[in-house]
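Here's the structure we're looking at; comments come further down.
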Amino acid sequence: MSTQSYFPVPPGVGMEENFLSLDDILLSHERLPVRTECSFPRLGFLERSSDAHDIPEGTKMELPLWLSKGLYERKRKVLSVDLPKVYKEGWRTVFTADPCVVDLHKMGPYYYGLGSQILHFDSPENSDIAQALLQTFIGRFRRTMDSSQNAYNEDTSALVERLDSLEKALFR
Amino acid sequence: MFCEKAMEMIRELHRMSDGQLPAFNEDGLRQVLQEMEALYEQNQADVNEAKSFGRSDLIPSIKLRHCCLLRNQRCITAYLYDRLLRIRALRWEYGSVLPANVRFHMSAEEVQWFGQYKKSLASFMRSLGEGEGLDITQDIKPPKSLYIQVRCLKDHGEFEIEDGTVILLKKNSQHFLPRWKCEQLIRQGVLEHVVS
């Protein structure tokens, strides 16, 4: 069946998600490392490494983005959210050195999307993260657009494999 | 973790990025609604306990379950909405009569929705061109010529054109036909435009 008439809800721009977008729903399923700042009684079964009845305060675990966003409060009584490796200083330096070299699909297929969402958690590194996202995108954009214009007869799968999902959508 | 079933349903649709309509996942929907009911009941119980015994320490868990309820609701709504977008596309791709194998994949409510959509579109089209009507589902791309060369990809039986002549559409036969008559059959995969 031709794709001409099916127009799915696109992902949101920047820090906003589109409620009905399948892409944003998948994006917000990605897991983040968190630390609980209070206890969660009777929900011990969610934390696979223990048999406890409750999740005690100070537990380090992974929660999906949607749940982290839902529970997070600025005053930090509930959760503190850590940065995944890709957004930390070490990796940010790699990106500034040469943005085109990295396989963004392997780093979690929603590098830009997840990065934008992480800004919701008030990390002191937020402005550096935002800068890194932008610079990486700009650096890779030129390369991606050039290749897509010249892709008429060539096999582009090797290049497309290393793109994040936002870049893939642009490429098409 | 909660909401795994709902995610399965979302992935099922996301996989079919070309707009195909999979069978309506009635079973999945039922399971998600059951999970929501269980979450809701646990929260009701905890809220009552928190109020009656001052157990404010239960509040984070209540909040967590509430997030799961909202998440399930979001997934179901997006699932149903995306399916409607696909069904709407069917009117434009296949015309107003859907092939049986596609109808089979739709729920009763979706079939009803399709009927309503068809009606809205038809009355809109009738209102165009000063009451004369205009079929906007034809010629979606600007045509280059009025007649086109087509090859038949499968047996489709007899086909009547404007001046009364009947053409027999047999697999691999080629014909020179008015473009607008062929469009729908090309989209359905019965005919293929031959570009020499």
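Because the structure is a prediction, the values reported are computed rather than measured. Just so it is clear: chains get the letters A, B, ... in the order the sequence lines come, proteins before strands, and each one is counted from 1.
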Inset, instruction - Measure from the ring center of B:Y81 to the ring center of A:F19 and say whether it is less than 6.0 Å. - result: no
Inset, instruction - For chain B, find its close neighbours in residues 32-41 of chain A: heavy-atom separation under 4.5 Å, sorted by number, or none. - result: A:C38, A:S39, A:F40, A:P41
Legend entry - Contacting moiety of A:I55, where chain B heavy atoms sit under 4.5 Å: neither
Inset, instruction - Kindly state whether the ring of A:F95 and the ring of A:Y87 have centres lying under 6.0 angstrom apart. - result: no
Legend entry - Residue list, salt bridge (charged side-chain N to carboxylate O under 4.0 Å, His left out) with B:K181, at least two apart or on another chain: none
Legend entry - Short side-chain donor-acceptor distance under 3.5 Å, B:H14 and A:D23: yes
Inset, instruction - Answer yes if the side chains of B:D82 and A:Y6 hold a donor-acceptor pair under 3.5 Å, and no otherwise. - result: yes
Legend entry - B:W113 and B:Y117 aromatic ring geometry - parallel, tilted or perpendicular at 30°/60° bounds: parallel
Legend entry - Residue A:V78 versus chain B: region with a heavy atom under 4.5 Å: neither
Legend entry - Modelled atom types, side-chain donor and acceptor of B:R86 and B:Q20, under 3.5 Å: no
Inset, instruction - Go through the atoms of B:M7 and report whether side chain, backbone, both or neither lie under 4.5 Å from a heavy atom of chain A. - result: side chain
Inset, instruction - Measure distances from B:C68 to the heavy atoms of chain A and classify the residue's part below 4.5 Å as side chain, backbone, both or neither. - result: both
Inset, instruction - Indicate yes or no: at least one non-hydrogen side-chain atom of B:H193 is less than 4.5 angstrom from one of B:R151. - result: no
Inset, instruction - Counting only heavy atoms closer than 4.5 Å, note whether B:R65 contacts chain A via side chain, backbone, both or neither. - result: side chain
Legend entry - Contacting moiety of A:D24, where chain B heavy atoms sit under 4.5 Å: both
Legend entry - chain B contact via A:L46 - side chain, backbone, both or neither, heavy atoms under 4.5 Å: side chain
Legend entry - Part of A:E62 lying under 4.5 Å from any heavy atom of chain B: neither
Legend entry - Mutual orientation of the aromatic rings belonging to B:F24 and B:Y79 [parallel < 30°, tilted 30-60°, perpendicular > 60°]: tilted
Legend entry - Residue pair B:K171 / B:H156, side-chain donor-acceptor N/O under 3.5 Å: no
Legend entry - Which of B:T77, B:L58, B:L64, B:D46 touches chain A most, by non-hydrogen pairs under 4.5 Å: B:L64
